[in-house]
Amino acid sequence: MELDGRVVLVTGGTRGVGAGIARAFLRAGARVAVCARRPPDAPVGAAGRTAEFHPVDLREPTAVRDFFHDFAERYGRLDTLVNNAGGTPYRLLDDEEGGIERHARVLALNLTAPLTVSLAAHPLLRAAHGAIVMIGSVSGTRPSPGTAAYGAAKAGLENLARSMAVEWAPEVRVNTLVLGMVETELSHLHYGDAAGIAAVGRTVPLGRLAAPDEIGEAAVFLASDRAAYVSGASLLVHGGGERPAFLDAATANVPSVNVPTAATVTADAANADVSTAATVNVTVTTADKES
């Protein structure tokens, strides 16, 4: 297989996007290690193979250094590091609960930790002429109300990757996957119930949220020899992006388009039959508009 004999580490690879990335590398033939503070509810596996779990708190520099010392003894090499661990709850900047300390923890997990891990992994990656894949977010490229610290961290992560790509070339390639919305076991915390997730998905040009394994396939590409001349790049994996909100608010240049019957503005989302093949001619309005 494409990555036979290579060793891959996916931080935060025990669930959600990280587990999808780990599964994709397993399918590509790599030996995959995942790390997180807590073990997965079930082993992460694919293609009859299982990722190896290691506990570590990536926010603790001493723990990270010790982890990579043990990693080198156990695996002997590291070909690809995927800095995936991260995330944030919804919290407005002036939310008094927790204050600045909570925002600082978001920055530490999403920016400082990937830097700490990359520095500790660098000797192994340099020896293998390996690759780093940062998991970024569209939140770092646009306003991110309610997750401002997360957006700031992801913007910093993308810039960090570009600087690393220059400083560590030619031995180590560094790239960023800039993710849009991905459906995981935690999607309900941001988008609500199944109807809410589906409605949010319809705001994406491709009509749905990404699956974690689709993110994994993009990560495999950046780690593979097919991307041998790709470094310092940011690959958007967002289903076409976000429709600008002003287009739905404007009263000029409103097109008339064919859409599925279930998507009409009068449809009851709870009873809509999204598989209906019939179409009707309607005027686009603010239905399912992005916020």
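Nothing here was measured: the structure is a model prediction, and the numbers come from that model. Numbering of residues begins at 1 and proceeds along the displayed sequence.
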Query raised in the report: What do the steps show when you test M181 against S187 for side-chain contact (heavy atoms from CB on, under 4.5 Å), and what is the final call?
Result: CA-CA 9 Å; M181 295 178 287; S187 291; over 6 Å; no
Query - From CA spacing to verdict: side-chain contact (heavy atoms from CB on, under 4.5 Å), F71, C35 - result: CA-CA 11 Å; F71 190 97; C35 64; over 6 Å; no
Query raised in the report: How far apart are the C-alpha atoms of V172 and V174, what are their side-chain angles, what is the distance that settles it, and do they pass the side-chain contact (heavy atoms from CB on, under 4.5 Å) test?
Result: CA-CA 6 Å; V172 181; V174 188; 4.2 Å; yes
Report task. Report the C-alpha distance between V17 and L179 in whole Å, list the side-chain angles of each, state the deciding distance to 0.1 Å, and finish with yes or no for side-chain contact (heavy atoms from CB on, under 4.5 Å). Result -> CA-CA 10 Å; V17 171; L179 308 188; 4.1 Å; yes
**Report entry** Evaluation steps, salt bridge (Lys or Arg N to Asp or Glu O under 4.0 Å), between E167 and R162
**Finding:** CA-CA 9 Å; E167 288 196 20; R162 289 196 293 268; over 6 Å; no
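Residues L9 and L78 meet the side-chain proximity criterion, which asks for heavy atoms closer than 4.5 Å. Contact annotation: the side chain of R37 approaches that of R59 to within less than 4.5 Å [non-hydrogen atoms, C-beta and beyond]. Side-chain contact between L177 and M134 is absent, with no heavy-atom pair separated by less than 4.5 Å. You'll find the side chain of L189 stays beyond 4.5 Å of the side chain of Y90, heavy atoms only. Between M164 and S118, the closest side-chain pair of non-hydrogen atoms falls below 4.5 Å. Under the 4.5 Å side-chain criterion, counting only non-hydrogen atoms from C-beta, T176 is not in contact with L235. Within the 4.5 Å cutoff, the side chain of N175 has no heavy atoms near those of the V133 side chain. A heavy-atom distance below 4.5 Å is found between the side chains of V82 and T80.
N84 contributes no side-chain N or O that, together with a main-chain N or O of V10, makes up a donor-acceptor pair within less than 3.5 Å. No donor-acceptor pair closer than 3.5 Å links the side chain of T88 to the backbone N or O of T147. Side-chain atoms of R15 do not come within 3.5 Å of backbone N or O of D41 as any donor-acceptor pair. Side-chain atoms of D213 do not come within 3.5 Å of backbone N or O of G216 as any donor-acceptor pair.
Of all heavy-atom pairs spanning V182 and A211, the tightest one is CG1-C, 4.0 Å. Here the shortest heavy-atom pairing between I135 and I21 reads CD1-CD1, 3.8 Å. The minimum heavy-atom distance linking G239 with V204 is given by the pair O-CG1, 3.4 Å. For the residue pair R77 and A128, the shortest heavy atom distance occurs at NH2-CB, 4.4 Å. Minimum interatomic distance between T116 and P61 (heavy atoms only, all atoms of both residues): CG2-CA, 3.9 Å. The minimum heavy-atom distance linking N110 with P114 is given by the pair O-CG, 3.6 Å.
From L119, atom CG reaches atom CG of L125 across 11.0 Å, with rounding to the nearest 0.5 Å. We find the CG-CG distance between N253 and L247 to be 9.5 Å, quoted to the nearest 0.5 Å. To the nearest 0.5 Å, atoms CZ (F53) and CZ (R38) are separated by 9.5 Å. Interatomic distance, L81 CG to I132 CD1, rounded to the nearest 0.5 Å: 5.5 Å. The CG atom of D57 lies 11.0 Å from the OG1 atom of T62; values are rounded to the nearest 0.5 Å. Summarising the geometry, atom CG belonging to N159 is positioned 9.5 Å from atom CG belonging to L111; distances are rounded to the nearest 0.5 Å.
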Tabulate below the donor-acceptor pairs under 3.5 Å that side-chain atoms of residues 99-108 make, not counting sequence neighbours, or state none.
unit_1	atom_1	unit_2	atom_2	d
H103	NE2	L93	O	3.3

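Cluster annotation: V230 is not connected to L160 through the hydrophobic network of ILVMFWY side chains, with a link wherever side-chain heavy atoms come within less than 4.5 Å. By the criterion of side-chain heavy atoms lying less than 4.5 angstrom apart, applied directly or through intervening Ile, Leu, Val, Met, Phe, Trp or Tyr residues, Y75 is grouped together with V117 in one hydrophobic cluster. Note on V32 and I215: same hydrophobic cluster, where clusters join Ile, Leu, Val, Met, Phe, Trp and Tyr whose side-chain heavy atoms are under 4.5 Å apart, directly or indirectly. When hydrophobic clusters are built by joining Ile, Leu, Val, Met, Phe, Trp and Tyr residues whose side-chain heavy atoms come closer than 4.5 Å, directly or via intermediates, L124 is grouped together with L58.
R23 has no carboxylate O lying under 4.0 Å from a charged side-chain N of E217, or vice versa, which leaves the two without a salt bridge. Ion pair R74/E52 flagged as a salt bridge, since at least one NZ, NE, NH1 or NH2 atom sits closer than 4.0 Å to an Asp/Glu carboxylate oxygen. For the pair D79 and R31, the salt-bridge criterion is not met [side-chain N within less than 4.0 Å of a carboxylate O].
Legend: salt bridge (charged side-chain N to carboxylate O under 4.0 Å, His left out) pairs involving residues 173-190, not counting sequence neighbours: none detected.
Counting non-hydrogen atoms of neighbouring residues, nucleotides and ligands closer than 6.0 angstrom, the CZ atom of R6 exceeds 12 such neighbours.
V138 shares a hydrophobic cluster with V178, L236; the chain of contacts runs through ILVMFWY side chains whose heavy atoms sit under 4.5 Å apart.
Remark: S231 engages no residue in a side-chain hydrogen bond (donor to acceptor under 3.5 Å, both in side chains) (not counting sequence neighbours). For D4, there are no side-chain hydrogen bond (donor to acceptor under 3.5 Å, both in side chains) partners, not counting sequence neighbours. A search for side-chain contact (heavy atoms from CB on, under 4.5 Å) contacts involving A120 returns V64, F68, not counting sequence neighbours.
Using a 3.5 Å distance cut-off with no hydrogens or angles, the side chains of S234 and E158 do pair a donor with an acceptor.
Between F67 and H54, the ring-plane angle classifies as perpendicular under the 30° and 60° cut-offs.
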